[in-house]
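Presented below is the structure to which this report refers.
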Amino acid sequence: MYELLKGLGAWLVSSEQWAGSDGIGHRITEHLQYSLLATLVAAAIALPVGLLIGHTRRGAFIAINLSSFGRALPTVGLVVLVFLASGLSMWPVYIALVALAVPSIVTNTYAGMTAVDPEVRDAARGQGMRWHQVLLQVELPLALPLIMTGLRLALIQVVATATIAAYVSFGGLGRYVFDGLAQRDLVQVLGGAVLVAVVAVVLDLALSALQRVLFRHRPATQA
């Protein structure tokens with residue numbers, strides 16, 4: 001174990017390991033690209049769905065169960081299935097990552113909307129606000145903390161799973177894991193796993209800090 005950790009330390013600080021298209025810096029950039037794009041696409045799909053069912057209270061049963069189904073999907077199996085249908089491209093990876101991210105965003109958005117005090121909603125309607133004004137000016141601001149939590153959870157899940165890009169011969173930090181397994185290089189496998197964990201933790205801390213900044217003036221019951 002000591003030799004493995006010693007080798008890991010040497011692997012991480014080696015200048016050669018950080019240089020070129022196979023270097024750590026480039027692989028991190030690729031990994032972030034896959035993760036952020038997939039999360040943005042998932043948010044564009046899931047946020048309107050969560051807001052709509054949370055506002056109307058219609059379709060919640062179907063949406064939540066579909067979200068549970070999405071969580072149960074085997075990610076690698078979905079990648080292989082889309083890969084067989086579409087050929088060698090990044091589409092299988094992005095589709096699998098988006099499918100993974102959607103459930104957390106839908107569920108937390110819906111939970112945030114339903115947590116809004118009905119009396120606040122009724123008061124807004126009593127002041128003559130239209131449905132879209134109630135949604136955007138009253139419900140959405142109050143639901144934002146839980147929505148942000150859903151986005152954080154989705155992004156961390158996607159970062160942890162984006163290693164599957166290497167499964168279909170693309171880049172990212174998963175390249176170290178799959179290449180290391182193929183070469184029986186445990187240092188490279190451990191290095192890839194550690195880097196994925198570090199990226200996930202850093203992103204989570206950054207989003208957590210952003211969330212605290214955005215909601216620092218809110219009462220504790222709403223933040």
Side-chain angles (χ1 to χ4, degrees), residues 1-42 70-84 86-104 149-212:
M1 178 61 74
Y2 172 75
E3 291 299 324
L4 181 60
L5 293 177
K6 182 179 178 181
L8 173 63
W11 186 85
L12 288 172
V13 300
S14 171
S15 58
E16 294 180 357
Q17 194 57 51
W18 286 84
S21 59
D22 291 329
I24 292 174
H26 183 70
R27 293 304 185 198
I28 289 176
T29 301
E30 290 178 328
H31 204 89
L32 288 173
Q33 175 188 330
Y34 304 154
S35 303
L36 293 175
L37 181 57
T39 305
L40 285 174
V41 173
R71 286 195 181 98
L73 279 175
T75 308
V76 174
L78 183 58
V79 168
V80 173
L81 181 64
V82 181
F83 172 75
L84 293 174
S86 65
L88 183 61
S89 70
M90 275 298 296
W91 281 108
V93 176
Y94 281 125
I95 290 174
L97 294 178
V98 169
L100 177 69
V102 163
S104 294
T149 299
L151 290 171
R152 281 176 57 195
L153 291 173
L155 180 58
I156 301 312
Q157 287 178 314
V158 167
V159 168
T161 313
T163 52
I164 59 172
Y167 187 77
V168 285
S169 302
F170 287 93
L173 294 172
R175 189 81 271 152
Y176 298 128
V177 176
F178 284 94
D179 289 351
L181 289 172
Q183 300 164 13
R184 297 186 178 181
D185 184 349
L186 292 181
V187 169
Q188 188 175 184
V189 173
L190 182 58
V194 167
L195 288 170
V196 171
V198 169
V199 170
V201 169
V202 169
L203 285 175
D204 187 46
L205 291 175
L207 289 178
S208 179
L210 175 62
Q211 189 170 352
R212 287 196 299 272

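Note that the coordinates shown come from a computational prediction; the quantities given were computed from them, not determined experimentally.
Here the CD1 atom belonging to Ile28 is positioned 14.0 Å from the CD atom belonging to Gln33, to the nearest 0.5 angstrom.
Two residues are said to be in side-chain contact when any heavy atoms from C-beta on lie closer than 4.5 Å; Ile24 and Trp11 meet this criterion. The closest side-chain heavy-atom distance from Asp22 to Arg175 is not below 4.5 Å. Side-chain contact between Thr149 and Leu153 is present, with heavy atoms from C-beta onward closer than 4.5 Å. By the 4.5 Å heavy-atom criterion applied to side chains, Leu155 and Leu36 are counted as neighbours. Considering only heavy atoms from C-beta on, Leu195 comes within 4.5 Å of Leu12 through its side chain.
The backbone N or O of Gly20 sits nowhere less than 3.5 Å from a side-chain atom of His26 that would complete a donor-acceptor pair. Not one N or O on the side chain of Tyr94 forms a donor-acceptor pair closer than 3.5 Å with the backbone of Leu37.
Not a single side-chain contact (heavy atoms from CB on, under 4.5 Å) links Ala193 to another residue, sequence neighbours left out. In this structure, the side chain to side chain donor-acceptor pair (under 3.5 Å) partners of Arg152, at least two apart in sequence or on a different chain, are Asp204, Gln211.
Here Arg27 pairs with Glu30 in a salt bridge; the nearest charged N to carboxylate O distance falls below 4.0 Å.
The side chain to side chain contact (heavy atoms under 4.5 Å, CB included) with Val198 is formed by just one residue from the set Val194, Val196, Val201; it is Val194.
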